[in-house]
*Asks:* 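Below is one structure. I have some questions about it.
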Amino acid sequence: MTASESNRCRTAARPRLHVVAAADELASVAADVVQGCVATSLAPRLGLATGGSVAGLYGELIRRHRQEALSFAGVRAFLLDEYLGLPDSHPKAYRNVIRRLLADHVDFVPGAVAGPDASASDLEAECDRYDRLLAAGVDLQILGIGRNGHIAFNEPGSPLDSTTRVVRISEATRRDNARFFDHPDEVPRRAITEGIGTILRAAHLLLIATGESKAAALRAALEGPVAPQVPASALQLHHSVTVVADRAASAELQRPAGGR
Ligand code: F6R
């Protein structure tokens, strides 16, 4: 049975929530989840997010690789999303960001990290190709959350059963991501993103949320109604979710979930 088939066979359960006090603790708890996946699967398939929330996790994975022999040699990894319209070598293209944050510092074999090809001439065909690649199953999908509740580039209003596709990036998200670019106008307006339905096919989801700017979104995601207006609320439909949040991001939660 593939990871996605085993996922479909189970029913949703409350997320396991870890609230941590410090950035190094957050990185360590999240890295334990990733290491658990890498160590227990024969051919682990990891879904990778980019962004500020996951940088500490990747730093801790690099440390464990260097100091504790954590190996990624058998791992295949898949980027969640990619900007459209940036040149191949652009430092902020997610394929290059993930190299700097993780891939260049651990022992992935060449070609082990895949992503949607933003330079494809037929983007629709590329989205279908990427979605089919993921259909073989992702064991663990790492996610961040946007201030507006987005996951990957699934902005509010995205269908909960959406698959990999070309999307417009909301102005709110463009403003939030402007901090990574030299000028706000440089932030692309479109991206390829895994759909919410694609993400939900992973066997396990790991959501990382940091900072008070994520508090309202995290509450809406975990405790609000499941609705396309809050894409991350789709996590409530999944049977196996771990959330690692700092105190600021979890400040608005009313009902602590398991694991705290
Ligand atoms: C990026 C991605 C996005 C980010 C989200 C939070 O691959 O999937 O959904 O996770 O925008 O970004 P940060 O962590 O920078 O606040």
Side-chain angles (χ1 to χ4, degrees), residues 20 23 26-27 30 34 46-60 77-84 86 90-103 113-116 118 130 134 138 140-158 162-181 184 187-200 202 205-218 220-222 228 230-235 241-246 248-250:
V20 298
L26 182 136
V34 177
L46 268 187
L48 302 177
T50 52
S53 315
V54 292
L57 161 63
Y58 295 154
E60 173 62 10
F78 302 88
L79 300 196
L80 254 185
D81 42 15
E82 182 57 275
Y83 286 123
L84 286 175
L86 295 180
H90 196 289
K92 308 304 173 179
Y94 282 169
R95 57 194 169 280
N96 298 323
V97 172
I98 211 72
R99 280 188 195 125
R100 286 194 308 278
L101 283 180
L102 179 66
V113 181
Y130 199 61
L134 296 161
V138 167
L140 173 66
Q141 177 62 59
I142 299 165
L143 297 167
I145 181 171
R147 287 196 308 140
N148 63 1
H150 71 242
I151 46 173
F153 275 123
N154 293 284
E155 298 281 17
S158 298
S162 47
T163 54
T164 302
R165 68 205 188 286
V166 173
V167 292
R168 293 202 78 77
I169 303 173
S170 72
E171 285 310 306
T173 299
R174 290 188 68 236
R175 275 195 301 278
D176 286 346
N177 287 4
R179 69 192 196 281
F180 297 118
F181 289 79
V187 184
R189 294 176 188 280
R190 296 192 312 152
I192 294 181
T193 186
E194 287 184 26
I196 297 174
T198 317
I199 291 168
L200 292 179
L205 306 179
L206 169 63
L207 178 75
I208 299 175
T210 59
E212 64 181 329
S213 69
K214 303 292 176 68
L218 191 63
L222 301 185
V230 182
S233 67
L235 269 60
V241 180
T242 301
V243 178
V244 188
D246 62 14
S250 58

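Ligands are counted one by one from 1 in listed order, and the atoms in each one are counted from 1 as well. These figures come from a predicted structure and were not determined experimentally.
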*Asks:* What residue and atom, counting heavy atoms only, is the protein's closest point to atom 7 (O) of ligand 1, and at what distance?
*Replies:* Asp81 OD1, 2.7 Å

*Asks:* With a 6.0 Å cut-off (strictly less than), is the heavy-atom count around CZ of Arg174, excluding the residue itself, greater than 12?
*Replies:*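 Atom CZ in Arg174 is packed in, count exceeds 12.
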
*Asks:* Among all protein heavy atoms, pick the one closest to atom 11 (O) of ligand 1 and tell me residue, atom and distance.
*Replies:*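 Here the nearest protein heavy atom works out to His150 NE2, 2.6 Å.
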
*Asks:* Roughly how far, to the nearest 0.5 Å, is the CG atom of Leu102 from the CG atom of Leu57?
*Replies:* 8.0 Å

*Asks:* In a check of side-chain contact (heavy atoms from CB on, under 4.5 Å) between Tyr94 and each of Asp81, Leu48, Leu80, Leu86, which one passes?
*Replies:*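 For Tyr94, the side-chain contact (heavy atoms from CB on, under 4.5 Å) test succeeds with only one of Asp81, Leu48, Leu80, Leu86, which is Asp81.
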
*Asks:* For ligand 1, which atoms sit closer than 4.0 Å to a heavy atom of Arg179?
*Replies:* 13 (P), 15 (O), 16 (O)

*Asks:* Below the 3.5 angstrom mark, is there an N/O of Asn177, backbone or side chain, next to an N/O of ligand 1?
*Replies:*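 Not met; the criterion fails.
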
*Asks:* Begin from the C-alpha positions of Leu143 and Leu206 and carry the test side-chain contact (heavy atoms from CB on, under 4.5 Å) through to its verdict.
*Replies:* CA-CA 6 Å; Leu143 297 167; Leu206 169 63; over 6 Å; no

*Asks:* At a 4.0 Å threshold, what atoms of ligand 1 neighbour a non-hydrogen atom of Gly52?
*Replies:*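 It comes down to these atoms of ligand 1: 13 (P), 14 (O), 15 (O).
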
*Asks:* Hey, does Lys214 come in under 3.5 Å of ligand 1, counting only N/O atoms on both sides?
*Replies:* yes

*Asks:* Identify which one of Ile151, Val230, Ile145 satisfies the side-chain contact (heavy atoms from CB on, under 4.5 Å) criterion when paired with Leu235.
*Replies:*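 Result: among Ile151, Val230, Ile145, Ile151 is the only option passing the side-chain contact (heavy atoms from CB on, under 4.5 Å) with Leu235.
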
*Asks:* Measure across Asp176 and Arg147 and return the closest heavy-atom pair with its distance rounded to 0.1 Å.
*Replies:*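 Distance-wise, the nearest heavy atoms are OD1-NH2, 2.9 Å.
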
*Asks:* Hey, does Ile151 come in under 3.5 Å of ligand 1, counting only N/O atoms on both sides?
*Replies:*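 Among all N and O atoms of Ile151, none is under 3.5 Å from an N or O of ligand 1.
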
*Asks:* For atom 3 (C) of ligand 1, grab the closest protein heavy atom and report residue, atom and distance to one decimal in Å.
*Replies:*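 Of the protein heavy atoms, Ala152 O, 3.7 Å lies nearest.
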
*Asks:* If you compare all heavy atoms of Gln141 against all heavy atoms of Ile199, which two are closest, and at what distance to 0.1 Å?
*Replies:*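 Scanning both residues, the minimum pair turns out to be CG-CG2, 4.2 Å.
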
*Asks:* Side chains of Ser170 and Glu155 only: does a donor on one sit below 3.5 Å from an acceptor on the other?
*Replies:* yes

*Asks:* Take a 6.0 Å sphere around CD of Glu171 and say whether it holds more than 12 heavy atoms from other residues, nucleotides or ligands.
*Replies:*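 Check passes, neighbour count above 12.
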
*Asks:* From Leu26 CG over to Ser53 OG, what is the distance, rounded to the nearest 0.5 angstrom?
*Replies:*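 OG of Ser53 is found 8.5 Å from CG of Leu26.
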
*Asks:* Taking only heavy atoms of Phe180, which atoms of ligand 1 are found under 4.0 Å from at least one of them?
*Replies:* 15 (O)

*Asks:* Look only at interatomic distance and state if Gly51 has a nitrogen or oxygen under 3.5 Å from any nitrogen or oxygen of ligand 1.
*Replies:* no

*Asks:* With a 4.0 Å cut-off on heavy atoms, is Phe153 touching ligand 1?
*Replies:* no

*Asks:* For the residue pair Phe153 and Ala191, what are the closest heavy atoms and their distance?
*Replies:*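 In this case the closest contact between Phe153 and Ala191 is CD1-CB, 3.4 Å.
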
*Asks:* Please work out whether any backbone atom (N, CA, C, O) or any side-chain heavy atom from C-beta onward of Thr50 is under 4.0 Å from ligand 1, and answer side chain, backbone, both or neither.
*Replies:*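 Both the backbone and the side chain of Thr50 come within reach of ligand 1.
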
*Asks:* Answer with side chain, backbone, both or neither: which part of Tyr83 has a heavy atom less than 4.0 angstrom from an atom of ligand 1?
*Replies:*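 No part of Tyr83 is near ligand 1 at this cut-off.
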
*Asks:* What protein heavy atom sits nearest atom 14 (O) of ligand 1, and how far off is it?
*Replies:*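 Sorting protein heavy atoms by distance from atom 14 (O) of ligand 1 puts Ser53 OG, 2.4 Å first.
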
*Asks:* At under 4.0 Å between heavy atoms, is it the side chain or the backbone of Ile145 that contacts ligand 1, or both, or neither?
*Replies:* backbone

*Asks:* With heavy-atom distances below 4.0 Å as the criterion, list the atoms of ligand 1 near Gly144.
*Replies:* 10 (O)

*Asks:* Which atoms of ligand 1 have any heavy atom of Leu80 under 4.0 Å away?
*Replies:* 8 (O)

